[in-house]
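Scroll down for the structure; my scribbles are underneath it.
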Amino acid sequence: MTAGNQGKVRIGLIGAGGIAGAHVAGYRRNPDIVEFAAIADPVRESAEKRRGDDENVRLYADYREMIAAGGLDAVDICLPHHLHAEAIIAAADAGLHVLCEKPLCLTLDEADAISAAAERNGVTIMCAHNQLFQPAVAAAKALVDSGALGRVYEVRTTDSFFNDFTLENMGWRAQAATSGGGELIDTGYHPLYLLQHFAGGSPSEVAAMLSRHRLEFMEGEDSAQVLVRYDNGVVGHVTTSWAYEPAVGTEKFSLVAEKGSLSSDGTTLHVRLRGEEPQTQSFEPVHEFAAEVAHFAECVLEGLRPIQTHIEGIEVLGVILAAYESGLTGSIAAVRTTAAAPAPVG
Ligand SMILES: NC(=O)c1ccc[n+]([C@@H]2O[C@H](COP(=O)([O-])OP(=O)(O)OC[C@H]3O[C@@H](n4cnc5c(N)ncnc54)[C@H](O)[C@@H]3O)[C@@H](O)[C@H]2O)c1
């Protein structure tokens, strides 16, 4: 695809709240391939704050007006969760490519509508899964893909921190209708897409235990333990929480395989191959959002498939919905990735 302005992708930001600051920093670090063209947010001060002193960025209260005004190649969605699906579909139907914060959407009906919109408009939808751009993750993935570790058996990922939310400062995250659940569909999305990345198959079944250890005012869980079986035999285990700091020594991700194992705290990667000396690599941190924005823009400009599209976003959503079902029923739940009824057997 040729983007509109001298080989740059003209991006309109939708939602100028907290995480939008990191996305804007990502645009600013990629001036050769990204033009920060517009912002839509009903709160004028938020839009102005994200624009900074760049008068070229047009401001809108309503993202539909921003899309209708033209002059964009893509939108970047940083909205509360319950507003993602509608914005993705509105942008796709206007022929715009989409970068969307997690979660992609909240239900399988929304997922089906997003898939249909991507297909009928031929646009790229990339899930803004920033942790995939951590150098330790990329190095571990390259090692797994090289076959050096052999077949992967099990993967563990974690993302936990002490979150000082109160009911007053928690906003739309306190209600399941606007957040989609609790911690698992929010921060928990990160360790689940990492799991997906390393497992390399499609999720088939899930067992979960959900807890509200500390943030009692939330409607949903503040902590989750999730076991996922993938169709290639890999078993994944996620631990994620807003209730506590993880114990010392808790890894960010680890993986055991036929010929050895790897483990990482996010900046250091330890690799052990049976019969060989253990190896440790350390990485300088990168600006994950700059790397994410650069990847999105390059995919749009070159017509490439992003590292994780709506397809992986929907698979992660399927795991989360199955985890919620498992938490309620106390049994293992099948993962579904479409609301369509399964084909009859035989
Ligand atoms: N990748 C990460 O590490 C990370 C971290 C935090 C949040 N997020 C994700 O980013 C998204 C936004 O989270 P946040 O913390 O920035 O939320 P936020 O509440 O700080 O910001 C949301 C913004 O959307 C605006 N908004 C609401 N309705 C709108 C509409 N109809 N049109 C345009 N703008 C509208 C609000 O005014 C607000 O400025 C969520 O999906 C969240 O899960 C990701």
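We count ligands from 1, going down the list as the structure has it; atoms in each ligand are counted the same way.
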Please tabulate, one pair per line, all N/O donor-acceptor pairs under 3.5 Å involving side-chain atoms of residues 135-145, not counting sequence neighbours.
{"residue": "Lys141", "atom": "NZ", "partner": "Asp145", "partner atom": "OD1", "Å": "3.4"}
{"residue": "Lys141", "atom": "NZ", "partner": "His197", "partner atom": "O", "Å": "2.9"}

Mind listing the side-chain donor-acceptor pairs of residues 117-125 below 3.5 Å, one per line with the distance, residues two or more places apart or on another chain?
{"residue": "Arg120", "atom": "NE", "partner": "Asp93", "partner atom": "OD1", "Å": "3.0"}
{"residue": "Arg120", "atom": "NH2", "partner": "Asp93", "partner atom": "OD1", "Å": "3.2"}
{"residue": "Arg120", "atom": "NH2", "partner": "Asp93", "partner atom": "OD2", "Å": "3.1"}
{"residue": "Asn121", "atom": "ND2", "partner": "Ala92", "partner atom": "O", "Å": "3.2"}
{"residue": "Asn121", "atom": "ND2", "partner": "Asp93", "partner atom": "OD1", "Å": "2.7"}
{"residue": "Asn121", "atom": "ND2", "partner": "Ala117", "partner atom": "O", "Å": "2.8"}

Inset, instruction - Establish, yes or no, whether a centroid distance under 6.0 Å links the rings of His82 and Trp172. - result: no
Inset, instruction - Select all protein residues for which some heavy-atom-to-ligand 1 distance is less than 4.0 Å, and list them by chain and number. - result: Gly15, Ala16, Gly17, Gly18, Ile19, Ala40, Asp41, Pro42, Val43, Tyr63, Cys78, Leu79, Pro80, His81, Leu83, His84, Glu101, Lys102, Asn130, Trp172, Arg173, Asp186, His190, Phe289
Inset, instruction - Could you walk me through whether Glu205 and Arg229 pass the salt bridge (Lys or Arg N to Asp or Glu O under 4.0 Å) test, one step at a time? - result: CA-CA 5 Å; Glu205 55 183 9; Arg229 190 187 298 281; 2.9 Å; yes
Inset, instruction - Using a strict cut-off of less than 4.0 Å between a Lys/Arg side-chain nitrogen and an Asp/Glu carboxylate oxygen, indicate whether Glu221 and Arg214 qualify as a salt bridge. - result: no
Inset, instruction - Not counting sequence neighbours, which residues clear side chain to side chain contact (heavy atoms under 4.5 Å, CB included) with Thr158? List them please. - result: Thr239, Thr250
